[in-house]
Amino acid sequence: MNEYITLSLILFTIGSVGVLVRRNAIVVFMCIELMLNATNLAFVSFSRQHGNLDGQVAAFFVMVVAAAEVVVGLAIIVSIYRTRRSASVDEASLLKS
Amino acid sequence: MILSVLAAVPIVGAIALALLPKSTSGAQLNAKVIALGVSLITLVVSLIALARYDLDAGGYQLTEKHEWITAFGAWYSVGVSGIGLTLILLTTVLTPIVILAAWDDRLPQASNTNAYFAWMLAVEGLALGAFMATDAFLFYVFFEATLIPLYFLIGSFGGPNRSYAAVKFLIYNLVGGLLMLASIVGLYVVSSRDGGATYLLTDLSNIEMSTTTERLLFLGFMAAFAIKAPLWPLHTWLPDAAGQATPGTSVLMVSVVDKIGTFGMITWCLYLFPEAADWASPVIITLAVISILYGALLAVGQDDIRRLIAFTSVSHFGFIILGIFAFTTTSMAGSTLYMFNHGLSTAALFLVTGMMIARRGSAKISDFGGVQKIAPIMSGILLIAGLSSLSLPGLAPFISEFMVLAGTFTRSIPAAAFATLGIVLAALYILIMYQRTMTGPLREDNQGVHDLIPREIAALAPAIVLIIGLGFFPQPVLNVINPAIDEVASHIGKGDPEPKSPVSIAPTTPEGGHE
Amino acid sequence: MTVYTPILVLGALAAGFAVFSILIAPITGPKRYNRAKLDRYESGIQPSPLPEGGGKISVRYFIIAMLFIVFDIEIIFLYPFAVAFDSLGWFGLIEMFIFMVTVFIAYAYVWRRGGLEWD
Amino acid sequence: MISAELPPLDAPHIEYSLLAPLFIIAGVAVLGVVVEAVWPRASRFTAQAILAVVGVIAALVDTVWVYQNLDKIDDPKLARGLIGAEGALSIDGPGVYTWGILLVFALMSMLLFAERRLEGGLSAFTGRAADAPGSAGEAEAISKRIEHSEVFPLALFSLVGMMLFASSNDLLTMFVALEVLSLPLYLLCGIARRRRLLSQEAALKYFLLGAFSSVFFLYGIALTYGFAGSFRLSDIDVAVSTRTGGTNMLLAAIALMVVGLLFKIGAVPFHTWTPDVYQGAPTPVTAFMAAGTKAAAFLAMLRVLFVAFGGSSWDWRPTIIGIAVITMFLGAVVSISQTDVKRMLAYSSIAHAGFLLVGLVGVYGGVAGEERITSVSSILFYLAVYGVASIGAFAVVTLVRDSGGETTHLSRWAGLGKTSPLLAGAFALFMLSFAGIPLTGGFIGKWSVFTAAWSGGVWPLVVIGVLVSALAAYFYVRVIVLMFFTDPVGDGPTVAVPSALTTVVIAFAVVATVGLGILPGPLLDLAQHAGAFVR
Amino acid sequence: MSELFGHEPFWVIALKALIVFVFLMLYTLFNIWFERRVVARMQHRIGPNVNGPFGLLQSLADGVKLAFKEDLVVKAADKVVYIAAPIIATIPAFMAWSVIPFGPEVKIPFTDTVTPLQLTDFPVAVLYILAVTSIGIYGIVLAGWASGSIYALLGGMRSSAQMISYEVAMGLAFVPVFIFAGSMSTSEIVAAQADTWYFLPLFPSFVIYVIAMVGETNRAPFDLPEAEGELVGGFHTEYSSLKFALFFLAEYVNMVTVSALATTLFLGGWRAPFGLPQIWEGANSGYWPVLWFFLKTLGFIFFFVWLRGTLPRMRYDQFMDFGWKVLIPVSLAWIVAVGVIHKLDREGMLDRQTLIWISVGLGVLLLLSSFWPTKKQPEPEPEPEFDAFAGGYPVPPMPKKDRNV
C-alpha cells in the first residue's frame, strides 16, 4: 500500500515543481491537474487501507471539481490568449507595477 | 445626567454645524455664532455641574453608570473628582475664548468655516468625556478619539507644513494610544481572571496582580500619557504641530487635550498601579527635569514664536509631571493647579501671539520690533501672558509652580534644584521674546500691525482676568482639588515625607500665607 | 490473478500486434525518396508554414469540450444512482431529479446563449 | 474482486428547515440561470439584480429565524446548534452567524454589482467577455447594450460556496465548498469593463494560484484521511487526541491544509495574489471577494484548527504565531509604498488577516460560566466590521473616476476632500476603522482579537500587534492627508454621481462602522452567544 | 456474475484472450468484405469477387498490399506522437472486448475446465467499456495534431468533438438499462434480460444508442471527419502503409464493439431469439449462444452498411445540432420518465396494461407529429449589393470579422 502513497507523493511533487518552474499557463494548469490526480491516488489508497469507501467517494468529488476547474480555467486562459495571443505566465505582467 | 449633557452639548453642536449649510457668508456667520453659543451653553452647564459638586464630600460625584458593552465589561460610567472638575472647567472656559479669538481666522476656503468650528467643538466634547470617564475603556475611547478632530484641525487649517505636522502628531499619539490599548487589554484579562471583567475605576483599583504585570501595564499607560503630555524625549511632535496649527488649534491641543495626559497620569496611572508608579518614579522624575531644562533651553533659541511657546509648554509639562511623580500632596495639588493655570497662560500666549502673527504675516521674532508703539494693548496682554508663563509672583502659574517645587524638595532635592533652574531660563526666553518683538524702534515693515479690536480684547479678557485673579486668590480652585489629591495620595500609600520646608498647604490655611 | 488480468493479456496482444505492424512496415515497404512526399499534403498547392501551436482553432471546440465534461460528470453521477435505484427509494429519485434539473438548466442556458450553434 | 452486493442504503436525513438559507441562495442562483436563458435581454439585468437582492434578503431573514431556533447545548462550553446533513454540515452558532454576515456582505455587493449609472447605463462588467478589448465585437456589444447579467448568479453560487465553507463539518464538503466559492470568483475577476488586460491577468493569476493552493489543501485532506480514516472533523479530533504514531503524516496534513487556507485568507507568505487580484478585478467583485472570502475562509480555518486539530495545537500554534507576525508586519509595511488605492486596500487586507490570526492563535475557548470574549467570537466580530468597512471603501473607489474609468492611482485622489467632502469623509472613516481608531468598529474589532490573544496567553503577540497597528495606521493616515490636506493635481478626480444603490451601500457602511464603534454591544453579544463550535 | 472471474488459471485466460483477438481480426477482415459486397449489391454491382471464394480474401489482400507500401513519416510531424497515435487508437479498440459476454459457462473441449464465454467481468464493466473506448479518441486527436497538417488537425478536432458529443448521448442511453438491471456488469445485464430484451421496454434508449453508436464510430451518415470533399482524409491524411491500416482496423473493431455492446445491453446478449428456447431447450447452453451473438452483431453491421448505402452525409452543424439539441434532451427526459415509471411499478402503483396503452398512444402521437408542417424560417433579406464606387473612389469591401475563429 505504501508504494501507492509514495507514487502519489512523487506525482504530487512533480506537479508542484512543474507549477513553479513552467511558464506556460496551460502547462501549469496541467501540472495542477496532475497534482489533483496524485491526490486521487492517495485517496483511493487510503480508502483501501482503512477499508472504508469514503476515500473513493472523495476521488469522485475531486474528479468533478477537477472538471469544473478545467472548464473555468480553460475559459480564462482562452480569453486571455485571445486578447494577448500568448499563454505565457510571464508575459502577463501588467500587474507587476 | 449633568455630566452626560455636558459632554453631549458640544458634540451635538459639532454634528449640527457639520450639517448646516456652509456656502454663503451668512451661513458661515451663523456657524460661528452657533459655535460660540454652544460653547457658552457648555460653559453654563459646567458651572451648574460645579454648583452641584459637593466640595466637602470629595471622591467621585455626579456619577452616572449604564451598561455599554457587556461583552467587554465596559460601562458608560462617568463622574468627576476635583481634578477632573478643574480640568473640565478649564476646557469649558477656554473653548469660548478660542472660538471668539478664531472668529476671523483665515481659512484655506471660506466654506471650511463650519468644519473648523465643528472640529473645535468636537475636541471640546471629547476632551470633556475623557476628563469625566471613570471606566478605563470609556476613557481610552475618548482619549484616542480626540486625535481625530485635532488631526483634522492641524492638517486642514494651518501653516504650509501642516500635513506633515498632522501626521506626526497623529502617529506619535497613536503609538502611545495603542500601547495603552495593549495595557487595557491586559487589564481586561487580569480583571476577568477573578470574576467578571471590568474597567470601572472603582473595581480596578482593588485588583490583585503580580508585580511584573503591574509594571508592564503601567508602562503601557504611561507611554500614552507621556507622549500626550509631551515628556522628553517623546515631545518632538509638539513643536511641529504647534508651529503649523492655527492659534486656536494650538490652544485646544496644548491647553486642553495634552492635559488629558497629565490628568491620566494622576487619576489612572497612580490610582491603578501605585507600586509600579513608585518603581518608575525616579526615571520619570529625571525625564521630567530634563524636559524642564531642555524645553526651556530650546525655547531660548527659537525664532519662531509658536515653536517657542511649544517648547515653553514642554518645560511646563515637565513641572507638572515632576509634581505628580514627587508623590507629595503639595506637589500633586500644585501639579493639578498647574494644569489649570498653564492652560490659561498658554492659551493667552498662543492667542495673542497668533493675533500678532496674523497681522504681521510672519511668525519670526526677528521680523517684529517696536510693535508696542503702535499696538499698546496687544503688547500689554502679551506681557501679562508672558509674565504668567514665567511664573511671576502675583500671576496664577506662580503658585502652582511654587507648590510643585516645594513638594518636590521634600522628596528629591536635586530634582527640585535643577527644576528651579528652569524658572531662570523661563525668564530669559519670555523676556527676550518680548523685548525683541515689542520694544525698540518700530520696524518699517511692522507698520501694518494694528492694535487689537474689541472682539479680540473680549476674547482675551477672561483669560487675563483669570490669570490675575487666580494669582492672588487660588483658593477656590485648590478647594476643589485638594480632597481629590488627598484621596490619590492615600491610595498610593505614600504619605507626605516629613516636611522639610515650612510651607504646608492645608485647605484651611489662609491663602495669603503661600506667597 | 485478478479480474483485470485478462484485460491486460488482451491489451498486450493488441499492443504486440500494433507495435509489430509499426515496426515491420519500414522493412516491408520500399523507400523512394521524394521531397514533396515528405511535405504535408495540402491538395497539391505549396504547403504554407503552419502557425505555432497549430494555429487558430475555433473556440467552439473548447465549448464542446467543456460541455462534454459537464455532461460526462453528470453521467458519472447518474450511473451509481441508476445501479442503486431500487434501494434508494423516493428520496433518491427526487434528489437525482433535482440534480438533473440543475444540469438541465445549465444546458438550457448554454443553448439559449448560442453555445450549441455551429457557424 | 469487489463484491457486487450493495450495502443497504438508508435515505439520508437532511434538516431542510435549518439549511433553508443555503437552499434559498442555491435555488436563487439556479433560478438566475433560468432567467438568463429565458428573460428578454432588455430588462434582464434589472430582473437578475432584483432576483438576487430579493433572494439574499429572504435568506437573511431565514438565517435570523434559523439562528433563533438553534438548540443550546450545555457542554462545558456553551454551544448551540447541531450537526446536520448526515454529518456533512454543522449548523452551529458561529456558522449561522457567518451566514448572516456573508449575506449582508452579499447584499451590499449585489447592490454595487447592480450599479449602472457610473458607466452611462452599463454595469462595471464587460458586455461580452469573449470579445477582445477594443475589437469590433466589443463595440457591437456596447452599442447593443449587451451585458453579462450572469454576474449575479455567479456571485450567488460563490456565496453558497462561502456559506458552505463556513459551516462544513467534514473535510470533503469543505473542499467542495472551497471550489464552489472560488470558481465563480475566478471568472468574475476577469470581466471588468475597463482595463480588461489587467482584469484578465488578475483572473489568470488568481485561478492558477488558487487552484494550486486548493490542491495543497486537498492533499492535506488526503493525508488527514490517511491518518484518521475519516473526513469528519470530530473523528479526526478523536484520532488526533488518541494518536500513537504517524505524527509526521499528521504534521504534513496540517501543514498542507493550513497552506490552502492561509492562501484564501491572504496571509503571508501566501498572499502574493492578493494585490494583483484586488487591483485587477472589477471593483464590486473585489469588494465582495475581500469581505466574503475572508470571512468564509477564516471560519473554515477555525473549524479545521480548533475542532479537528485542536488536540495538536501545540504543533501548529508556533507556526501560526510566526505567520501572524509576518503577515501583520508585511501587510503594513508594504502598503506604505503602494500608489494604487486598490493595491493599498489589498495590503491592508493582508494586514488584517494578520490581526485576525492574532485572535486565532489565542486559541482561547473561554471558561465555563464566565463571560469572556473567546477567539472564535472575537474573530466573528472582527470579520463583520472589516467586511462592512472594506465593502464601503471599495464602493467609494468605484465613484472616483476620470475618463478612463475608475482612477485608482493615489495621486489622483489628492484633494478629494475638498471637492467632495462627504465621499472623502466616508472613505476617511473606513480608513480610521481599518486603523482601529476608537469610535469606529475597527477599534472594537482590534480590541477583541487582542483580548482573545491575551486571554490565550500570547501577550507578546498583542504588543507586537499593537505596534504594527501603529505602523499600519501610518498609511491609512497618509490617504487622509492626501484627500484632505493636499491640493488636487490638475483638474483632480471627478466623483461620479451614483444611483441610490451605491449611495445606500456607502451610507450603510458608514452607519455600521460608526454604530459598531459606539454601540458594539448587540453584535458583540451575538458573536459571543454564538458560542463554540458544535463538535 | 460468475464466480469464476478472477479465479481462472492463466492458460484459460490466455486462450480466451487469443481467441477474442483472432476473432476480432477475422471479423474485421470479414466485415470489410461484407460491407463492400452489400454496398455493391445495393448499388447493383457485384463487389469484390476475385480473391478467394466470393472474394472473401480481398480484405486480406488489401492488408498485405498496405504492408508493402512505403512507410512515410512527414517532415512536419511530431515523430513520437505521430508513431504512437495508431497504437493508441488500436489497443483500446481490442481491450473493450474483454468484458463482452459471448455465451454462458461452457466446458472447454478436451478438458474438465468450465469457463464463461467472456474474458472477464466486474461490477463496472460498462463503465470500463466507455472509459477504454474514450482512450481511442486520444489516438485520433493525437494523430491529427502530430501530423502537422491543417487537414489532419481539423479532421482530428472534428472527429473528437463528434465522438465526445455522441458519447454523452450514448452514456445517457445506458442509464435506463442500469435502472432496470440494477447492475453495470455485462453478464448480469444479460442475465437480467432472460425474460424481456430491453430494447422493447426501453425502446427510446435503444434508438438513441443506435444513433449514437453510428456517430461514435464516425460512420456514414456521420463520417464527417473523413469527409473527402472538405478534409481530404481527415485525421489520417498523412498516414500511409500499416499505420493507416491500424486506424482502419481500429475503426472496424470499434464498429464491432459498439454492435456487441448494443447486443449485450438491448438485445439480450447471447440469448437465443424469441421463441427459440421454448421449442429448443438447448438453445441457451453450450456453444450455441455464440452463434446467436454473432448473428445479432452481424445484424448491426448490416445496419451500418445499410445506412452507408442509403443516406447522404450530414452537414457538420446539422450533425452537432442533432446530437446536442435532440439526443441529449430526449435522453434526459427519458431517464426521468423511466425513473418515475420504474419506481411506480416497483411500488405496485402502476397497471401494466395502462402503461402499454399509454406508450402506444404516445408513440402514435410522436409518429403523427413528424408529419406536422414545420414553420418555415423567413429567408433573411439579401444583403444589398456592395457598391465599390459609393464614395467616389473604388474601395474593396471590408472583410467581415469572424469572431469565432
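Small disclaimer: the values here were computed from a predicted structure and weren't measured. Per chain, numbering begins at 1; letters A, B, ... match sequence-line order.
No part of C:L8 comes within reach of chain E, as not one of its non-hydrogen atoms sits under 4.5 angstrom from that chain. Both the backbone and the side chain of C:F68 have a heavy atom closer than 4.5 Å to some heavy atom of chain E. For chain C, the nearby part of E:K69 is the backbone; its heavy atoms alone come within less than 4.5 Å. Of the atoms belonging to E:F180, not a single heavy atom falls under 4.5 Å from chain C. At a 4.5 Å heavy-atom cutoff, E:L24 makes no contact with chain C through either its backbone or its side chain. For C:I7, the parts lying under 4.5 angstrom from a heavy atom of chain E are both the backbone and the side chain. For a residue to count as touching a neighbouring chain, one of its non-hydrogen atoms must lie under 4.5 Å from one of that chain's; by this rule C:L93 touches chain E with the side chain only. Proximity to chain C (any heavy atom under 4.5 Å) is restricted, for E:S241, to the side chain, taken from C-beta onward. Heavy atoms closer than 4.5 Å to chain C are found in both the backbone and the side chain of E:I164. At a 4.5 Å heavy-atom cutoff, the contact between E:L18 and chain C is made by backbone and side-chain atoms alike. For a residue to count as touching a neighbouring chain, one of its non-hydrogen atoms must lie under 4.5 Å from one of that chain's; by this rule E:P329 touches chain C with backbone and side chain alike.
E:F122 and C:Y4 have their aromatic ring centers within a separation under 6.0 angstrom.
One N or O on the side chain of C:T28 and one on the backbone of E:A67 form a donor-acceptor pair closer than 3.5 Å.
Taken to the nearest 0.5 Å, the CD1 atom of E:I87 stands 4.5 Å off from the CD1 atom of C:I22. A distance of 10.5 Å separates CG in E:L119 from OG1 in C:T5, rounded to the nearest 0.5 Å. Within the model, atoms CZ of E:F94 and CZ of C:F17 stand 6.5 Å from one another, a figure rounded to the nearest 0.5 Å. Rounding to the nearest 0.5 angstrom, the gap separating the CG atom in E:L172 from the CE atom in C:M100 is 7.0 Å.
Note: C:L116 leads C:L116, C:L78, C:V19, C:V9 in heavy-atom pairs under 4.5 Å with chain E. Per-residue heavy-atom pair counts under 4.5 Å with chain C were compared for E:M25, E:M95, E:K16, E:K325, and the maximum is reached by E:K325. With chain E as partner, the option from C:P30, C:S21, C:A18 having the largest number of non-hydrogen pairs under 4.5 angstrom is C:P30. Considering only heavy-atom pairs separated by less than 4.5 Å from chain E, the leading option among C:F104, C:F71, C:Y107 is C:Y107.
C:F97 pairs with exactly one of E:I335, E:V336, E:V340 by the side chain to side chain contact (heavy atoms under 4.5 Å, CB included) rule, that one being E:V336.
In this structure, C:Y79 and E:F174 have tilted ring planes: the angle between them lies in the 30° to 60° band.
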